[in-house]
Student: 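Take a look at the following structure, please.
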Amino acid sequence: MREAYVIGAGQSPFGSYPEETYRSLFETAYERALDSVDGDLSPDRIDEAFLGTLGVGGRQIGLSGPAVTEHVGLHGVPTTRVENACAASGYALRNAVSAVKSGMADLVLAGGYEVMTDTSADQTKWWLGVSGETEWERLSGTTFAGVYAQMASAYLNEYDATPDDLSRVAVKNHANGAENPNAHLGFTCSLEDATAAPAVADPLTLYHCCPTTDGASAALVASEEVARELSDVPVRITGSGAASGAVGLFQRDSLTSIPATVTAAERAYEQAGIEAGDVDFAEVHDCFAIAELLAYEDLGLCERGEAPRLLREGVTDPDGDLPVNTSGGLKSKGHPIGATGTGQVVEAFEQLRGHGHVQVDGAERGLTHNVGGSGGGVTVHIFERGFGGESA
Amino acid sequence: MTRGIAAAGVHVPRFRIEASTISEAWGVDHASGIERKALPAADEDTVTMAISAAIDALARTDVSPEALDFVGLATTTPPLAEEEFAPRVVRALGGASGTRTTTATASPLAGVDVLERAIEADGPALAIAADAPTGDPAEADHRLGAAAVAFLVDDDAPVTLVDSAAHADEYPGVRYRERGAEAVDALGVTTYERDAVGESIAAVLETLTADELVGAALHQPNGGLPYRVGGRTDLTNDAIERGTVVDRVGDAGAATVPLGLCAALAAADADDATVAIDFGGGGAAIGLAFAGGLDNAPAVDERLSGGETVSYVRYLRERGYVVDGEVAGGGAHVSLPSWSRSLDGRYRLVAGQCPSCGGLTFPAEGACGVCHDRGSFERVELPRNGVVDAVTVIGQGGAPPEFVPQQERDGPYAVGIVRFTCNSEEVTIPMQLTDCDPETVAVGDEVRATIRRVYADEGIPRYGSKAAPI
């Protein structure tokens, strides 16, 4: 089978940019992605585009994808808008990989965009709630914070874990994000700050929740032939795993696991020919602190109930055995829904090329993990530095 | 033929306020003869109160909801000014679609009226009075309370209807509500009002054939009126006291006299006679005379003495006096047809049992949530008791827009995932917790499903099950 490579990736700054539009934010990400390509890339070589967004706050429900590609001058390029809530651009990347591997395309743009901070508080809550299970879960009175808080309550009840373990996610990811100039909340916080912050949905405090963010991200996925022509150090996508799950938390077997993550990870590891834990770093979907703990376990990075130990022992710190969310994660870097999945790719691309803001020593293989909603759709991708596969 | 009352059920909302709390707040007492009263929580209304009282009544008999031939609902405060609400109650109870229904709303007299209509009907019948009137917070509100009572009427009943009588004359302005208004009002022409009520009730009592009366539930908008009215008759104060509840529940509109009747019948012996006489503003009165005592009835005194006492600020919030109820930014929309499809799940927790693996799926639609096969589910009603598997508290600012009005009234709420076990299979349902301090709910707690108002979408109130700690 053909191989697929990331030869360029870039993101706009993540944050609150009411003066920007989703098109202008994407333009920044797109330009940065082009600039990151080692060789001289003419944009007219882009065959296809897959772009993720939840719904850009309702301002362009239909055809926002073509609106974006036309805006950046990719005139006529077939563009598909991908919607899988917060996993929209994880799935956009997967579509790009499929297009390249199938031979239908040689160079594909994958990306995402979202504008969230220029709407009223009520409108924002409305949008954040529409990707949960509406008829029962939402109408029990929850938004996503409430659903993840329920997972946290079940986790704290089932395992030897405390609210401080949730706070450790915030402390670590804020420390990483403070080094990332593109981060939305690029400041550090203490364990005390995080635990003592106001409750959003018990046991989750404000510091256990990611912000709502404006931003865009883009990645250029190329065939090996194109990668050899345009890239000195490409990043090979060796595994693309994805899985769906019940949209409502109550419809799943477990409240302390996201089954779709387990399945997506197994598929990605198998495709990449690796075992869980054979990665040097991971960008995981930490929309709420509990989600990072569940991710460690669902991705097989540790046994059930062991996630707090990883945090307490610093295993996932930048200088630990398995750094997680060196970008700052959704917690600190920010979570512009549709842009988050390919935003993680930007970090993987930079880490594997040695340009991380918080660089992991000797990074050769990385993982990205993108979750839609509370687990209705998940992608896991494995990235490896350099050429391989077809020509190896 | 010994048709009459076979059982009764009551719902008194858990929140109570002392009348002195209100008079201290205003520096004046407009709740004569009332010590404390009940108020509905933000997610209660006359439909949910009616359902709760009906379930309480049915639980005291072996009559199944499907067997009901008639359901009458009386309230002066329906959730919408015009609509039949008895069908919602029938559906929530699991009654048959052939049930004859009536909804009476014109005045407090509606309570006694639907009770008589239930007795006139054939077969097992429910007469429910549920009311929670509101009035000017500066005056009329001081005495207004809330309650619901349901009488199960059947043949061969221990309490039989001996006689009924009515009186009509034109007495406007005694108790009325202007078109489009929320607040019940009175012109306050004291002597005229007292005479209107007194003459009407005395006229009914004179016409009624009954043995010596040991109990009398008379029109009771305040604590003093039934005794003043009774003074025009041969009724003893003891008899009136047996049927007077307004002093502990407030003026609960159409439900006050039925609640007094329930208390009096529960205290009566088999050969005792009891009357219920109510007056409707405008000038109508109806009296019903009963013989016998009712064992299948709740202890009304106990229900009235319990509850959780609230402050006046909490009172104003819960009752909605200081909250407009507008949903900002648009709430979650579920079309009425979609909602209607889900009613059995929302009211009666009907889940689907998979023919292949036996596993339970809720709601009962789509592929089996356990084995993912697509067979046709057997529909099973889950037991109403479950266990909390996960829970969080949604604070102010964290609620979806459609729950903000409720939160403004009732404060933070808990939301859990509740596990139900049926035929040794388990299934979980996301449920809001109600009737509790949200901070006290923990994983492992036992809860019971109770029907409450969920939200209003496109102006239409929607009801479903919430979980109350046991």
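Hydrogens, waters and symmetry mates are skipped; everything else that's a heavy atom, side chains included, is used. Order of the sequence lines fixes the chain letters, A, B, ..., with proteins taken first and strands second; residue numbering starts at 1 for each chain.
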Student: Please state whether the side chain, the backbone, both or neither of B/V454 comes within less than 4.5 Å of a heavy atom of chain A.
Tutor: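 Contact with chain A: side chain only.
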Student: Parallel, tilted or perpendicular: which fits the ring planes of B/Y455 and B/W339, with parallel below 30° and perpendicular above 60°?
Tutor: tilted
Student: Which one wins on heavy-atom pair count under 4.5 Å against chain A: B/A399, B/A442, B/P400?
Tutor: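 Looking at each of B/A399, B/A442, B/P400 in turn, B/P400 comes out on top.
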Student: Could you tell me whether the side chains of B/D373 and B/S356 share a donor-acceptor contact shorter than 3.5 Å?
Tutor: yes
Student: Heavy-atom distances under 4.5 Å only: say whether A/L255 touches chain B with side chain, backbone, both or neither.
Tutor: side chain
Student: At a heavy-atom distance under 4.5 Å, which candidate from A/E137, A/E135, A/R252, A/M151 has the highest pair count against chain B?
Tutor: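 Highest number of heavy-atom pairs under 4.5 Å: A/E135.
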Student: Less than 4.5 Å to any heavy atom of chain A: does that hold for the side chain of B/R462, its backbone, both, or neither?
Tutor: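 For B/R462, no heavy atom lies under 4.5 Å from chain A.
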Student: Relative to chain A, which of B/G345, B/G464, B/P363 shows the most heavy atom pairs under 4.5 Å?
Tutor: B/P363
Student: Mind ranking A/V200, A/L139, A/N157 by heavy-atom pairs under 4.5 Å with chain B and telling me who comes out on top?
Tutor: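 Most heavy-atom pairs within the cutoff with chain B belong to A/L139.
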Student: I'd like to verify something: which residue of B/Q432, B/Q407, B/R346 has the highest number of heavy-atom pairs under 4.5 Å with chain A?
Tutor: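 Of the options given, most contacts go to B/R346.
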Student: Answer with yes or no whether the side chains of A/H369 and A/T261 bring together a donor and an acceptor at under 3.5 Å.
Tutor: yes
Student: Taking atom types as modelled, find out whether B/R452 and B/T434 have a side-chain donor-acceptor pair closer than 3.5 angstrom.
Tutor: yes
Student: Please classify the contact between A/A201 and chain B as side chain, backbone, both or neither, with a heavy-atom cut-off of under 4.5 Å.
Tutor: both
Student: Flag yes if more than 12 heavy atoms outside B/E308 fall under 6.0 Å of its CD atom; otherwise flag no.
Tutor: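 Yes - once you tally the heavy atoms of other residues, nucleotides and ligands closer than 6.0 Å, there are more than 12.
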Student: If only side-chain N and O atoms count, and only distance matters, is there a donor-acceptor pair under 3.5 Å linking B/S465 with B/R384?
Tutor: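 There is such a pair (donor and acceptor under 3.5 Å, judged by atom type) between the side chains of B/R384 and B/S465.
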Student: Under a plain distance cut-off of 3.5 Å, with no hydrogens placed, do A/Q150 and B/T392 share a side-chain donor-acceptor pair?
Tutor: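 No - no donor-acceptor pair under 3.5 Å links their side chains.
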